[in-house]
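To keep things clear, I will list the structure first and then write my remarks on it.
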Amino acid sequence: MKRLAAIAAVAALAAVTACGTTETAGTAGAGGVYTTIDGAKQIDATAPINPFNPQGSTFVGYDAMSLAWPKNSLTDPNQFYPGIARSWTATPDQGEVVVHLQPQARWSDGKPVTSEDIRTSIGLAYTQGGSAYTVNAGAAGAAADITIVDAKTVKVTQGANRSNVFLRNVLSTVVVPAHVYGKLLPADFWTTLQAARGTGPAADKAKAAITGLSQKVITFAPPEDVSAGPFVLERVNPGAALLKKNPYFYDAARIAPDKVKVLNYTGNEQIWNYLVTGTLDSAPFTAVPAAVMRKIKQTPGNAIRKGYSPVAASMAFNQARKPYDNVHVRRALAYLVDRAQVTKIASPEAGTPSLTTTGIHGDSAKAWLGDRLAALDPYKVDPAKADAELKAAGMVKKGGVWAMPDGSPWKVEVHVPASFSDWVAAAKSITSQLNDHGIEASVTTSADYILYLDELASGKFDIGFWLMALGPSPYNIYQRLYGSANGWSLLAGRLTHSPPGKDGNWMGGPETIGGVNPGELTNRLNLAAPDEQKRIVATLATLTNQQLPVIQIYDYVNTQFINTDRYTGWPPAGSEALRLPAGVWMQLGMIKKK
């Protein structure tokens, strides 16, 4: 799922002509120009040609490459398609990963891709921190050593505090050429990195030296794009980026288009206009009103491909605020929210009503829980059960309106970012349903998503919308509910819990519930074998279903737009590849000139 902020309406003509390039399929050669957008970012023509820069003028799957591409399995985060890595092996505990590079891989300047490129790329990743490449002593899943076995083979060893997604994190490594980026790493970098893995003043100094390189790496501006991907950047301006086919790509015969044009956008409306006019060959989904969706579907050649998206939208509670500290109140609200109606209004094309609240996307829940899923409370709309729960919480009804136990007004405020049109629509539907049941409810919006997250983290809201179920890793799924937002933090291999209102704990749930510490169980998911993972997931799903730190509203569907007029060979509906950029589809041999 892609979240693209709505900003301002743009005229259709301006939207289509804003690209600022003149190439057409007729001037690009037999393969034509493949036109798309990058749903992850808007184009900044001043940004460097650098994949480590968040706004960098590189495009994942086209000129920016990783060792491998995730298959997006329902339950196994370590399944990947080949990228720069042709193949890989891992020991059963993922203590050692050996990566074999594509034997024919070369950079767009003709130089071969070698193990030194991978080692340099990993060194640069350490300056950014996180994932497998962190200098925090004892961090779970941290790499301990990087060894060049030969020119096309690299071995990466995991530290003592193991993580079962180490392979995933290694294969996700962004690869850049050592002969361009290597100068960013000091001559003593690897010695400094070794020192940083210790403890004490010397280690702290070494860590500071490593992380101190971060800005230097982010701002580095190569004079030209040197790509190992199927395309290389030809030019970029504020309206569009144009990429041309890389003749040195290791599997160039599979790549049908001669060029790729990535159009810029300033908001959802511009993307709608691109789609309505049939300009795009493919685009990730963005929130679209029903009337606009009808126009998009009416455009000749336009079609939709739907697949799995491990994300769900939920209504999350701040349990440090009354009456949401009372589970009966949370259950009452769950019995009053018609999830099907909310989904129909808010996200009819890109969502399905959640089966219930488990913390897991519905498709994944079936795979993880099996028959246990049917035993959970589905929280079907039931006003009588809602009334019973409110009475159990001590709430009182006066003149047809529910009030706090002491008789004071109870006013439900649901907060959402104004730029997320589906969330705004969902919140309005929910508050309308609550008002119909005698609960005074309203929607409050924050100006933008960044402000919204800041306000949410500071504990300003009683109820806010929250993305959850971020699979396929079960650890990542439950981190959204029982991680830092709910008080649990892992630092240097040690799990701690902060009280509500401290260290970003805005959910404010109890540290233990019925003798179960959900934060500890979630942390164990990062280390557990598959059978134990299933047992832990079952426990956490049941606990989540009973305690309702959130009400899971709708599970997202990965809805992609394509146009069949110019190209064919699209990923079929339900394909695991749909969550990957079209440049990866091309690498997999899926896109052909029509």
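The chain is numbered in sequence order, starting from 1.
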With distance as the sole test, does W368 use its side chain to make a donor-acceptor pair with the main-chain N or O of T75 at under 3.5 Å?
no
dist I210:CD1 -> Y126:OH (nearest 0.5 Å) comes out at 9.5 Å
Using modelled atom types and a 3.5 Å cut-off, is there a donor and acceptor pairing between side-chain atoms of E576 and backbone atoms of S73?
no
For the pair W570 and Y34, name the ring-plane relationship: parallel under 30°, tilted 30 to 60°, perpendicular over 60°.
tilted
Is the cationic atom of K259 (NZ for Lys, CZ for Arg) positioned less than 6.0 Å from the six-membered ring centroid of F231 and within 45 degrees of its normal?
no
Validation row: Y62, D38 side chains within 4.5 angstrom (heavy atoms):
no
Where A45 and N237 come nearest, the two heavy atoms and their spacing
CB-C, 3.5 Å
side-chain contact (heavy atoms from CB on, under 4.5 Å) between S282 and Y567: does it pass, once the steps are laid out?
CA-CA 10 Å; S282 67; Y567 294 93; over 6 Å; no
Between the side chain of S227 and the main-chain N/O of D63, is any donor-acceptor distance below 3.5 Å?
yes
What's the shortest heavy-atom distance between G95 and R162, and which atoms?
CA-NH1, 3.5 Å
Backbone N/O of N273 and side chain of K295: donor-acceptor pair under 3.5 Å:
no
Would you say that more than 12 heavy atoms from the other residues, nucleotides or ligands in this model lie under 6.0 Å from the NZ of K71, or not?
yes
Might you work through the side-chain contact (heavy atoms from CB on, under 4.5 Å) test for L470 and V311, ending with a clear yes or no?
CA-CA 5 Å; L470 275 61; V311 186; 4.3 Å; yes
State whether a side-chain donor-acceptor pair under 3.5 Å links W69 with Q587.
yes
Evaluate the side-chain proximity of V98 to T153: yes if any heavy-atom separation is below 4.5 Å, no if none is.
yes
For residues Y248 and W107, determine if any side-chain heavy atom of one lies less than 4.5 Å from a side-chain heavy atom of the other.
no
So which atom in P300 and which in D565 form the shortest heavy-atom distance, rounded to 0.1 Å?
O-OD2, 3.4 Å
Could you go through the side-chain hydrogen bond (donor to acceptor under 3.5 Å, both in side chains) check for T191 and D188 one step at a time?
CA-CA 5 Å; T191 302; D188 63 349; over 6 Å; no
Sub-3.5 Å donor-acceptor pair from the side chain of N264 to the main-chain atoms of P238, do we have one?
yes
How long is the span from the CD atom in E349 to the OG1 atom in T559, to the nearest 0.5 Å?
6.5 Å
May I ask you to check whether D281 and N563 show a side-chain donor-acceptor distance below 3.5 Å?
no
Is the backbone N or O of T352 less than 3.5 Å from a side-chain atom of D555, with the two atoms forming a donor-acceptor pair by type?
no
For I84 and V99: C-alpha separation, side-chain torsions, deciding distance, then whether side-chain contact (heavy atoms from CB on, under 4.5 Å) applies.
CA-CA 10 Å; I84 289 296; V99 176; over 6 Å; no
Would you say that more than 12 heavy atoms from the other residues, nucleotides or ligands in this model lie under 6.0 Å from the NZ of K152, or not?
yes
List the steps and the verdict of side-chain contact (heavy atoms from CB on, under 4.5 Å) for Y265 and T286.
CA-CA 12 Å; Y265 59 91; T286 184; over 6 Å; no
Please find the pair of heavy atoms, one from N78 and one from D76, that lie closest to each other, and give the distance.
N-OD1, 2.9 Å
Donor + acceptor pair across side chains of N526, S163 (<3.5 Å)
yes
Output the distance between atom NE2 (H361) and atom CE (M468), rounded to the nearest 0.5 Å.
10.5 Å
Hey, does M586 have a side-chain heavy atom less than 4.5 Å from the side chain of P230?
no
May I have the list of side-chain donor-acceptor pairs in residues 165-184 shorter than 3.5 Å, sequence neighbours left out?
from	atom 1	to	atom 2	distance (Å)
R168	NH1	P77	O	2.6
N169	ND2	V165	O	3.4
S172	OG	R168	O	2.8
T173	OG1	Y133	OH	2.8
T173	OG1	V170	O	2.6
H179	NE2	D109	OD2	2.8
Y181	OH	I49	O	3.2

Close side-chain approach of Y556 to F285, heavy-atom, < 4.5 Å
no
If you round to the nearest 0.5 Å, how far is OG1 of T279 from OH of Y274?
8.0 Å
Is there a side-chain hydrogen bond (donor to acceptor under 3.5 Å, both in side chains) between Y308 and S364 once you walk through the steps?
CA-CA 9 Å; Y308 167 64; S364 291; 2.4 Å; yes
Ignoring hydrogens and angles, tell me if any N or O in the side chain of E96 forms a donor-acceptor pair with the backbone of T91 under 3.5 Å.
no
Any side-chain heavy atom of E224 sitting closer than 4.5 Å to one from S108?
no
Exam field: side chain S115 to backbone D150, donor-acceptor pair closer than 3.5 Å:
yes
N/O donor-acceptor pair under 3.5 Å between T127 side chain and L124 backbone
yes
Tell me, do L101 and L67 make a side-chain contact under 4.5 Å, heavy atoms counted?
yes
Taking every heavy atom of K41 against every heavy atom of T58, the minimum-distance pair comes out as NZ-O, 2.6 Å
How long is the straight-line distance from CD1 of I296 back to CD of Q298, given to the nearest 0.5 Å?
10.5 Å
Quick check: does any side chain N or O of R235 sit under 3.5 Å from a backbone N or O of L242, one acting as donor and the other as acceptor?
no
Side-chain donor-acceptor pair present, Q560, N558, cut-off under 3.5 Å
yes
Q479 side, atom CD; L525 side, atom CG - distance, nearest 0.5 Å
9.5 Å
Minimum heavy-atom separation for P284 and I37, please, with both atom names.
CD-CG1, 3.9 Å
Heavy-atom distance under 4.5 Å between the side chains of T299 and L275, does that happen here?
no
